[in-house]
Amino acid sequence: MAHVDVEMPKMGESITEGTVIAWHKQPGDEVDQDEILLEIGTDKVDTEVPSPKGGVLAETLVEEGDTVEVGTIIATLETEPEAAGGSTNDAPSPTEEPAEQEEAESETEADEADAVPEDDEQEAATPAPEEAASPAPSADEVEVVMPKMGESITEGTVVAWYKDIGEEVTIDETLLEIGTDKVDTEVPSPAEGVLAEKLVEEDETVEVGTVVALLASEAEAGSVTPPASEEPDETQEAAPETDEAELPSTSPSGDGAVRDPDEPQRPPEETIKRRGDDGRFYSPLVRSIAKEEGLPMSELEALEGSGRGGRVTKEDVLAYLEEREEAPAAPATAPERPPRPSRSDEGPPARGDYTVEDGPSDEALRQQYGDRIEVQPMDRMRKMTAEHMVRSKATSAHVTSFAEADVTGLVRLREANKEAFLEREGVKLTYTPFFVKAAVEALREHPLLNASVEGDKIVIKHDFHVGIAVAIGNKGLLAPVIRNAGDYNVTGLARTAASMADRARNKELQPDELQGGTFTVTNIGSLGSLMGTPIINQPQVGILATGAIQKRPVVVENDGLGDAISVRHMMYLSLSYDHRIIDGAMGSGFLQRVVTELESFSKDQDLF
């Protein structure tokens, strides 16, 4: 027997520890490689940890609820020598670190032809049955893998395929679109060729590094047979569906186990399938939870999914199971979601529990409003924005203060330099970098605006990670984060802001670029608004909105000769802040510091 250590995994650059939420296996339980061992959580994300090897869970070294540092050994596995890396003759030396052993083993499994000792060449020439079922791609095939979209992102969902099997693709042409809970991203083709095979369906969620498609070279293009139809094969639909992990079985359960004849059997129609009769896809995680909890397919299909296209998510299943436990006497028929209580009865939602619910059917809406209406379903980004905004209003006590700034000097500075700036830097000189610069200077003097509230504690951040709101057409807003904005001058801020805005609109942002902000600036003036009352981007405590710049007649002092009326470039600013920790005096003081900074720019200032 060999020992394998299970460590607390690293889930992001800024994550140094994790909390054990629940153990899915107990000491003595058998586990397969990649089977879920436990669930861990941080303040950013909850993650299920798969077993690095197959074997028996020998010992759990951390209890549920314990918080430990990344890299801490939290469990040990007892594995057979074959599971640890082959025969005893091939086992790594005791001095190798576990991570090095795993890396060596993965290389061995990926390319057996180069790793098998000479003595075993005869035996290796004939692959085992399970190896023959999943042959490696030929030399003329290219694998397309689920890309890594950030340190804390471990999986992605295929939102849409842009190419069909048999279609030619050029290098960097978009193959598919993938999504996480933060951002949707288009995946370019890594090579030129023909799409030979799709290994992951739309709406399916897989781990980073999973092969999602195969590309054939032009030489093999003739062997690629495009699908005859978009519709599913009727003969395949007629056959009972099985999960990839299921084995042939004569038992009604279909899971490969021999059952006691007296043991209650699950009806065949309640087998948890990948797709329901309504066509909805059920991810492996959802199906695993349903199977473990004894949730039949009929109940799973009755759930209202909160995911993209009504897909049932892990949270939907767990919420339903919790409701079912609280009401054990519920009838056996398919459940109906209880009616949502009125606002006057329910009070504000608790932090983190608001989700966008499915609305009435199109037919019901037409009966209510008539036929002269158009019903548009919310897309995924709009749903996430709605949930985040309502959650923010329920979390923070919002207050908004306003100020006015004379930015005539700033306007003249930009007009005098914009052409030279574009020629030298390759990006347009907008007002946004000036606004970010002014906000950072104000944050230096009012650090409480660069904080977050964690229970009864205030966490003041000494790094200025400023989010800039970017409009994505009619789909909503994203707020990519300029990290360490205090280290940049106006030129550096201009280049960084332009790059982020462009990549946000082209779905090229990484999820990590949308996290970790400490303050947000939204330039609503670029859309024509004079002023606004923005909603705080949680867990931040402040957001600055800059209105449109307009020429207006204003009263100015004329060098001791009295007041005079002059035409100046004026703009309004508004600051929404969390009144739990920031009072009106501090909010107004911050705004006045921003005004002072903006009014300090002049035409003669050197930008370069």
Side-chain angles (χ1 to χ4, degrees), residues 172 403-444 464-474 477-509 513 519-532 544-554 556 565-574 593-608:
D172 292 333
E404 187 176 32
D406 182 345
V407 291
T408 305
L410 172 59
V411 173
R412 291 173 179 172
L413 172 64
R414 176 179 174 271
E415 290 297 320
N417 289 275
K418 64 180 184 180
E419 292 182 3
F421 191 90
L422 177 60
E423 182 178 353
R424 172 172 172 169
E425 302 297 332
V427 297
K428 292 182 178 179
L429 180 61
T430 67
Y431 291 112
T432 296
F434 297 97
F435 299 154
V436 173
K437 181 69 174 174
V440 169
E441 296 307 315
L443 288 172
R444 295 186 196 276
F464 304 110
H465 303 321
V466 179
I468 52 171
V470 177
I472 312 297
N474 295 323
L477 292 171
L478 290 176
V481 177
I482 301 177
R483 300 196 178 277
N484 299 305
D487 296 344
Y488 292 93
N489 58 14
V490 170
T491 300
L493 290 172
R495 285 199 302 262
T496 306
S499 171
M500 284 190 160
D502 182 65
R503 289 188 291 115
R505 296 187 180 103
N506 290 293
K507 297 183 178 181
E508 296 174 353
L509 282 178
E513 294 179 294
F519 189 81
T520 298
V521 174
T522 174
N523 184 7
I524 61 175
S526 64
L527 305 175
S529 295
L530 289 178
M531 63 177 67
L544 176 69
T546 55
I549 298 174
Q550 291 188 326
K551 285 184 178 181
R552 291 203 301 271
V554 296
V556 297
I565 297 178
S566 176
V567 176
R568 308 290 291 178
H569 291 273
M570 306 297 294
M571 68 176 294
Y572 294 110
L573 303 101
S574 55
R593 182 65 182 88
V594 174
V595 169
T596 300
E597 187 68 22
L598 291 177
E599 292 182 344
S600 69
F601 292 106
S602 66
K603 179 181 178 180
D604 299 328
Q605 192 167 338
D606 185 9
L607 278 182
F608 303 103

With sequence neighbours excluded, what pairs up with Arg593 under the side-chain hydrogen bond (donor to acceptor under 3.5 Å, both in side chains) test? Glu445, Glu597

Hits for side-chain hydrogen bond (donor to acceptor under 3.5 Å, both in side chains) against Arg552, two or more places apart or cross-chain, chain-then-number order -> Glu404

Listed by chain and number, what are the side chain to side chain contact (heavy atoms under 4.5 Å, CB included) partners of Ala403, not counting sequence neighbours? Leu591, Gln592, Val595

Which residues pass the salt bridge (Lys or Arg N to Asp or Glu O under 4.0 Å) test with Arg444, not counting sequence neighbours? Glu441

Among residues at least two apart in sequence or on other chains, which ones pass salt bridge (Lys or Arg N to Asp or Glu O under 4.0 Å) with Glu415? Lys418

Review item, side-chain donor-acceptor pairs of residues 566-573, under 3.5 Å, at least two apart:
| unit_1 | atom_1 | unit_2 | atom_2 | d |
| --- | --- | --- | --- | --- |
| Arg568 | NE | Asp406 | OD2 | 2.9 |
| Arg568 | NE | Thr408 | OG1 | 3.4 |
| Arg568 | NH2 | Asp406 | OD2 | 3.4 |

Provide the full list of salt bridge (Lys or Arg N to Asp or Glu O under 4.0 Å) pairs with a residue in residues 486-496, sequence neighbours left out, each pair given once. Glu425-Arg495

My understanding is that only residues two or more places apart in sequence, or in another chain, count here; which of them pass side-chain hydrogen bond (donor to acceptor under 3.5 Å, both in side chains) with Glu508? none

Check ring pair (Phe, Tyr, Trp, His ring centres under 6.0 Å) between Tyr431 and all other residues, then give those that pass, not counting sequence neighbours. none

Using the side-chain hydrogen bond (donor to acceptor under 3.5 Å, both in side chains) criterion, which residues pair with Thr522? Sequence neighbours excluded. none

Ring pair (Phe, Tyr, Trp, His ring centres under 6.0 Å) against Phe464, all qualifying residues, sequence neighbours excluded: none

Under the salt bridge (Lys or Arg N to Asp or Glu O under 4.0 Å) test, residues paired with Arg483 that sit two or more places apart: none

